[in-house]
Structure formats: structure tokens, C-alpha cells
Asker: 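Please see the structure below; I have some questions.
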Amino acid sequence: MKLLPILTTHDGSSARSSLTCKYKCGDACFHEIPNTSKGQYFGDIVKTAMTRRGVLRGGAMAVVAVGAGSVLAACSTDEASPSSASGEVSTPPVDGVDFTAVEPNTEDAVVVPDGYEQGIIIRWGDPVLAGAPAFDFDKQTAAAQNMQFGYNNDFAGLLPIEGTPNAYLLVVNHEYTTEPFLFKGYDAENPTREQFDIALAAHGLSVVQVAGQSGSGALTPGFGQYNRRITGTTEFLLTGPAAGSDFLKTSVDPTGTKVFGTFNNCSGGLTPWGTVLSGEENINQYFGNAESVTDPVAAQRLARYGVEGAASDRKWERFDKRFDLAQEPNEVNRFGYVVEVDPWDPNGIPIKHTALGRFKHEAATIYVTDDGTVVAYSGDDERFDYMYKFVSSRKMMPGNGQAAMRHNLTILDAGTLYVAVLTGDAPDAIDGTGTLPEAGKFAGKGEWIPLLRTGDDGRGESLVDGMSAEEVAVFTRQAGDKVGATKMDRPEDFEPNPVTGKVYVALTNNTKRGTDGKAAADEANPRDKNKNGQILEIDDDHAGTTFVWNLLIVAGDPNEADTYFGGFDKSQVSPISCPDNLAFDSKGNLWISTDGNALESNDGLFAVVLDGERRGETRQFLTVPAGGETCGPIISDERVVVAVQHPGEFDEASADNPMSHWPDGGDSQPRPSMVAVWKS
């Protein structure tokens, strides 16, 4: 196995390359923090009141009662492994976490535990639609890419096809393109029209029918009736209180109800009615000539979303005026939403739900209460930004029929959008070092502050003084500023536990915490210059407005004093850094994928015990190739599926100088790919 160089930490923490930062998030770590609001900080707040579609229902309301954040299970074995991450343990391993931990490494490979096998499911450029040509790196075309698997796979969902044994729909987000790795001889100052069209087609989502193998966890793609590519030119329908707003009208769409394309689709979620939710995240980087906007209110709104400067890095505004804010100042307002796709209708028009607000949605995940109320959770992935939930006023309709689907596709268009405010139990004990309070845990209470109520008629009611309903829906970050929402350390994936109903949040990192006048550490974000991140556990009144919380994990090197693993013996855990995506197994164990490991090792996938005497035990299940990121984990009894994003993405590398040859080996170019892992 080839060892690759450790990534340089360009911002002093995350091991992402600067190229990854440039093309993935628009150099978010180098720019000023968009949230300059003077709202209350955590420590200042004193509150006294604080299948087909049916397969995901699991017998309708039976699954609904425990939530629908994930309905997949855990890859486990009947033979207990005697060892933990770092040595012998005195009690048997927890079911589902009974594998020998993978050691940190920098290999150019996916490394899995002893006794497990792996296989590639599908790679960037592989055919999705019948008639697609075989992938040829040196002869790419936009026409071919529109029919092939997109670039930089992130969220993944696996939906069983009812009535067809061992057959599934694999639905995958394609977050972004890294043009220096797509094209040899790429000139960043002078991209070509064909390169622009290829990149447009490489964004979006893929729906691919895959077949399992008896006695194996391998998955093989095929051409099925549901196969589909959704790209940067696909038509979307805007729904909710901002649909038709003047803020969303353009020369191409004077109605403000129709958008072409979706970009920077990061994580997502499955709904119990059989659709897929996808979060549009770092949309700011696709638009050029922000400095031409001179109206002070409009300029401030752009700045709050990180839209700034003259030419964009990709220079898309040269080829399509919708990316030129000087010509189409409202186009940017049409991105940054939760997208809903019905994978069972290959001709259906996907939806952008404005009732859920506009920000850098890492994901949207669903919990359904006993009475059918649907709750959607979403984090805003930016340093010092907020956590949100949407509570539907419509109840979910069980069943597989067309009437049920038509109804359920409107559930996220009526209800109330909230933002979170947190308080700590021991605020005076927090000094920015990560030292535990005397109680031995970081814990507190929280309140959901209402921002926007949308009625059954689609009309919105603002619950924020000084803002209209349309303004709250389109400029949701400013609404959160006004009500004093708690500034968090990059809230990424939200996931409800399908066994317990508790909700978990990955807070990836925030090296600006407590620096240069920025918000100081608080109990939910207890470290200044936080480079490793933490996992927040919420016991939520899902349809209500209050919750209690604690930190399950304060990530990092377990040998360091500022880390915490639920009270578990830190000598028995795997080091973990920069949590990103979350998933659950059927036993209720939490699985965490990482992005930007700051501990000089490749990113990976980890399993964490949540209950009992081993609560907090953390084991690394796999690592991805050097330069890559672990995304989209799917955890089932048969297999674990991960999306390997941007393998080999080093600052010294490019398509002309590849420093990884994963997954094809030889002298091939690295290709983002989906991987299945199963027990031998």
C-alpha cells in the first residue's frame, strides 16, 4: 500500500488541502466570519423558560413512533472481538461495535478491520443512464457527464425496491467539483465553455439501481427504470412562503417559482414516505461580481451568506449570466434550500422547500412523532452559525398510494421554523480549555425560538420583529441573528436516533472560537481555537420548544486533557477529529464520519456506544485514502457503505500530477467513489 504525505494544516487545524477549501466551501476558513451580529452569546443568555415508498415506514407508524432519521441497521458479528481500540477490556463488546479498531494511517487505500471485505460500487464517470459512454478521463464531454455518475459523492441513501429481493435504489449527492483534478492543463483564469458545462453536469444527484449478492455485501450498479441524473441544469419547483417573492424573481424566471439546478449538495436524509432530502450548502462560491451590488441592504445580505468579491473562482459568470450578480442579483437567493427528490419518479420535478429557511444546509433529517407530526432538523455549516428545526402542521399520511405521496410531498411546506438557544448548567466553569465542570459532564437546557410560521395556503407569517415572512424565508441567518440564537462550532449533520429518539449533532470545528473578539467558549462549545470538534446529544421535545442537552464526545487525541468520551476510559478509544456525518445502526449505536482530521491521519468512520457502562466507547471502523473525506455512511446488518470524496486532493497534486491512484491503481487518476464493506 502506498503511503501519501500528511496534509498540511493550512488554517492551523483541519487537514484539508487549501485546494479542497477553495473548491468545496469557497475558502470559508480564510474569509471573515459572516456572522458579525451582536446578538446574545451562550454565556450571556439567562432563560427561565427555557420498498418502494412503504419500505421506509416499516409497517407504517411502527417506525414513525421511534423516528425516521435512519432505518438501516448495524454491521455486526456473533463472534465478540476481545480488544477495544487500545487494549484488553473486561466486559464483552457491545453488539454492533464488536470489531477490532483500525489504526490511524495515511495509506492510499480504504483500510477496514480484519475479517471484512470491501468493493467499489460506482465511481465518478461510471454510466448511470443507458447509452452513456465508458468513462475516458482525457475525452470528457458535458453530454457524457450528464449520463454518468457525478463528482465528489457525499450523502448516500439506499432504498430497497419493494417486491424485488436484494435490489435497491442508491441515491447520492454530488457536492462540488475540483476543476484542477477534473481536467489536465486546467487554467483557473481561463476555463473553457466545455469545462463549465462538464462541471455543471457533475454537480447534483445520481439515482442508480444496484443489486446485492447472496452471501456478500457487495453491490453492483445496473440500468433500471428509476436511474436518473439531476444536475446544475435540472428544473426545480420552489414551494413555501418565498415562492413567487420578488427576492426570487429573475429574467429567466419572472415568476420566482422555478429554478434550474442545484449546487453544493452536501449531506441529506431519507423521509419515511420514500423521498430523499438534500441540503444545498456552500452556494456562495458559485456567484461572481458581488462587489457590483451597491445597495447597502442587498450588500449586507450577500455578506451574511459569504458572497463577496469580484470574479468567482470557477468563473462561471463568464458563461451564464445567472451566476453574474451584476446581471442577476436575485439568482443567489434561489439556492441554499432543502431539496426534496422523489427517486421513484424519474420524470418528477424536484422541490426546493423555502419554509425550512435558506442557509448553508448541511442536511435535513426527519423524526416523526407518535401522532404523525413531522420534524425536520438542519444545521447551518458555518463557524458561529445556528441549529434549526421545522415542525410540520400537517400529519404524515401512511400508505403507498398516489394520494399519500401527493400529501406527504407537501408536509415540509406548512409548519413552523425554529432556531436554537442553549444555556449551560455550569457557565462559570468554562474557561476555554475544555476542562470538565465538577459535575463531570457538559450539559444544559435549550429553547427553540420560532422564526416563521407557514400556513396550509403557503402564506407565511413572520415571527421576527422587523422582518417580513419572505425575508425570514430567504434571509434566515439574519432572522437567527435578531432573536439571539446560539453561535455554534459549525453545526453539520443532525440525526435522530431511531431507537431512542434522541437527536445528535456533529459540530465539526471552529478555530476562531475565542479569538480576535469572537465569541468565547461556552458549555456546548467548550474550547477556544477548537480544531477537533464535538458531538452534541439532545433530548428534544420534538414537536415542542424545549430540550435538554449534553456533549457526548469532545473530540481529539484521547491522550490530551481537553477530550471527553462520555465518561468512558479514554485509553480504550480511537482518536477522532472533525466529526461531519452521522448515522445509526439497528442497535442504536452512533456512527461518525470525519472531514479534515487534525490528528495527522486519514479521515475515517467510527462507531460509538451510546448507552450503558460503555457509553462513549469509540472505535474506528475504516479509513479512506489520503487526501480524501469520509461521507454518506449507510449502516445496515448486511454492509457499511461510505462515499469517498476528493481522494488524493493535495495542494501539490493535480490531474497533471496525481498523488493518488485510488481506486483503480496503476497510473490512473483518483476518482471519488462509493464503497461497500461487509464481513467476510
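All of these numbers come straight from a predicted model, not from anything done at the bench. Both backbone and side-chain heavy atoms feed into the values below; hydrogens, waters and symmetry mates do not.
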Asker: At their closest point, which heavy atom of R334 faces which heavy atom of E280, and how far apart are they?
Answerer: O-OE1, 4.4 Å
Asker: Is it true that R615 and E537 have a side-chain N and a carboxylate O under 4.0 angstrom from each other?
Answerer: yes
Asker: Looking only at heavy atoms, what is the nearest atom pair of T563 and A555, with distance?
Answerer: CG2-O, 3.6 Å
Asker: Using a 4.5 Å cut-off on heavy atoms from C-beta on, say whether the side chain of T262 contacts that of Y337.
Answerer: no
Asker: Is T354 reaching over with its side chain to a backbone N or O of T239, donor-acceptor style, under 3.5 angstrom?
Answerer: yes
Asker: Decide yes or no on side-chain contact (heavy atoms from CB on, under 4.5 Å) for T271 and N408, but give the supporting numbers first.
Answerer: CA-CA 9 Å; T271 71; N408 291 334; over 6 Å; no
Asker: Quick one about S206 and H174 (side-chain donor to acceptor, distance below 3.5 Å, no hydrogens or angles considered), yes or no?
Answerer: yes
Asker: How many angstroms lie between atom NZ of K441 and atom CG of D425, to the nearest 0.5 angstrom?
Answerer: 7.5 Å
Asker: Could you pull out the closest heavy-atom pair between N589 and V609, with the gap in Å?
Answerer: OD1-CA, 3.9 Å
Asker: Can you see whether E162 engages W344 through a side-chain donor-acceptor pair at a distance of less than 3.5 angstrom?
Answerer: no
Asker: For the pair R228 (side chain) and P346 (backbone), establish whether a donor and an acceptor sit closer than 3.5 Å, ignoring hydrogens and angles.
Answerer: yes
Asker: So, taking the atom named CE in M467 and the one named CG in L452, what distance separates them when rounded to the nearest 0.5 Å?
Answerer: 9.5 Å
Asker: Counting C-beta onward and ignoring hydrogens, is there a side-chain heavy-atom pair between L451 and T476 closer than 4.5 Å?
Answerer: yes
Asker: Provide the closest heavy-atom pair for A414 versus D456 in the form atom of the first, atom of the second, distance.
Answerer: CB-OD1, 3.6 Å
Asker: Which one of L551, I592, I576 satisfies the side chain to side chain contact (heavy atoms under 4.5 Å, CB included) criterion with I535?
Answerer: I592
Asker: Rounded to the nearest 0.5 Å, what's the gap from CG on L270 to CD1 on I366? Could you check?
Answerer: 10.0 Å
Asker: Cation over ring, R358 on Y305, under 6.0 Å and within 45°?
Answerer: yes
Asker: My understanding is that only one of E281, E492, E382 makes a salt bridge (charged side-chain N to carboxylate O under 4.0 Å, His left out) with K360; could you say which?
Answerer: E382
Asker: W591 vs F99 aromatic rings, parallel, tilted or perpendicular, using cut-offs 30° and 60°?
Answerer: tilted
Asker: What pair of heavy atoms forms the shortest contact from P526 to F442, and how long is it?
Answerer: CB-CE2, 3.6 Å
Asker: Check whether more than 12 heavy atoms from other residues, nucleotides or ligands sit under 6.0 Å from atom CG of D465, and answer yes or no.
Answerer: no
Asker: State which residues pass side-chain contact (heavy atoms from CB on, under 4.5 Å) with D611; sequence neighbours excluded, sorted by chain then number.
Answerer: T500
Asker: Could you check whether any side-chain heavy atom of Q209 comes within less than 4.5 Å of a side-chain heavy atom of L169, counting everything from C-beta outward?
Answerer: yes
Asker: With a 4.0 Å cut-off, would you call K445 and D539 a salt bridge?
Answerer: no
Asker: Would you check if there is a donor-acceptor pair between the side chains of Y377 and D540 at a distance under 3.5 Å?
Answerer: yes
Asker: Is the shortest side-chain heavy-atom distance between K587 and V94 below 4.5 Å?
Answerer: no
Asker: Hey, does the side chain of S392 reach the backbone of V374 with a donor-acceptor pair shorter than 3.5 angstrom?
Answerer: yes
Asker: So, do Y504 and F584 have ring centers that fall under 6.0 Å from each other?
Answerer: yes
Asker: Verify side-chain contact (heavy atoms from CB on, under 4.5 Å) between N497 and L590, making sure each step is shown before the conclusion.
Answerer: CA-CA 8 Å; N497 187 328; L590 176 67; over 6 Å; no
Asker: Any side-chain heavy-atom pair from I230 and F236 closer than 4.5 angstrom?
Answerer: yes
Asker: Is it the case that the side chain of E523 and the backbone of A443 share a donor-acceptor pair, with hydrogens and angles ignored and the cut-off at 3.5 Å?
Answerer: yes
Asker: Is there a donor-acceptor contact under 3.5 Å from the side chain of S593 to the main chain of T630?
Answerer: yes
Asker: So, the side chain of D457 versus the backbone of R459: is there a donor-acceptor pair under 3.5 Å, distance only?
Answerer: yes
Asker: Walk me through it: do N530 and L507 pass the test side-chain contact (heavy atoms from CB on, under 4.5 Å)?
Answerer: CA-CA 10 Å; N530 175 17; L507 298 162; over 6 Å; no
Asker: Does the pair D380/R477 count as a salt bridge with the N-to-O cut at 4.0 Å?
Answerer: yes
Asker: Measuring only between side-chain heavy atoms, which start at C-beta, is L409 closer than 4.5 Å to T275?
Answerer: yes
Asker: Would you say the side-chain atoms of D489 and N510 include a donor-acceptor pair closer than 3.5 Å?
Answerer: yes
Asker: When rounded to the nearest 0.5 angstrom, what distance separates NE2 in H407 from CD1 in I411?
Answerer: 4.5 Å
Asker: Over all heavy atoms of both residues, which pair between V499 and S586 is shortest? Give the atoms and the distance, please.
Answerer: CG2-O, 3.8 Å
Asker: How long is the span from the CD atom in E461 to the OG1 atom in T454, to the nearest 0.5 Å?
Answerer: 9.5 Å
Asker: Below 4.5 Å, heavy atoms only, C-beta onward: do Y367 and V503 meet side chain to side chain?
Answerer: no
Asker: Any luck finding a side-chain donor-acceptor pair between N581 and E362 under 3.5 Å?
Answerer: yes
Asker: Report yes or no: does H542 contribute a side-chain atom to a donor-acceptor pair with the main-chain N or O of G501 at less than 3.5 Å?
Answerer: yes
Asker: To the nearest 0.5 Å, how far apart are CG in D154 and CG in L205?
Answerer: 10.5 Å
Asker: Will you find, in the side chains of S574 and Q620, an N or O donor that is under 3.5 Å from an N or O acceptor?
Answerer: no
Asker: Where the side chain of N35 meets the backbone of F384, is there a donor-acceptor pair that is under 3.5 Å apart?
Answerer: yes
Asker: Quick check against the 3.5 Å criterion: does T373 have a side-chain atom that pairs as donor or acceptor with the backbone of A543?
Answerer: no
Asker: Provide the full list of salt bridge (charged side-chain N to carboxylate O under 4.0 Å, His left out) pairs with a residue in residues 395-422, sequence neighbours left out, each pair given once.
Answerer: D371-K395
Asker: Does K502 make a cation-pi contact with F547, if we ask for NZ or CZ under 6.0 Å from the ring centre and within 45° of the axis?
Answerer: no
Asker: Closer than 3.5 angstrom, by distance alone: can the side chain of S278 be matched with the main-chain N or O of G268 as a donor-acceptor pair?
Answerer: no
Asker: Any side-chain heavy atom of M488 sitting closer than 4.5 Å to one from V505?
Answerer: no
Asker: Please determine whether side-chain contact (heavy atoms from CB on, under 4.5 Å) holds for the pair V608 and F565, giving the CA-CA distance in whole Å, both sets of side-chain angles, and the decisive distance to 0.1 Å.
Answerer: CA-CA 9 Å; V608 183; F565 291 81; over 6 Å; no
Asker: What class does the angle between the rings of F359 and Y388 fall in, given that below 30° is parallel, 30 to 60° is tilted and above 60° is perpendicular?
Answerer: parallel
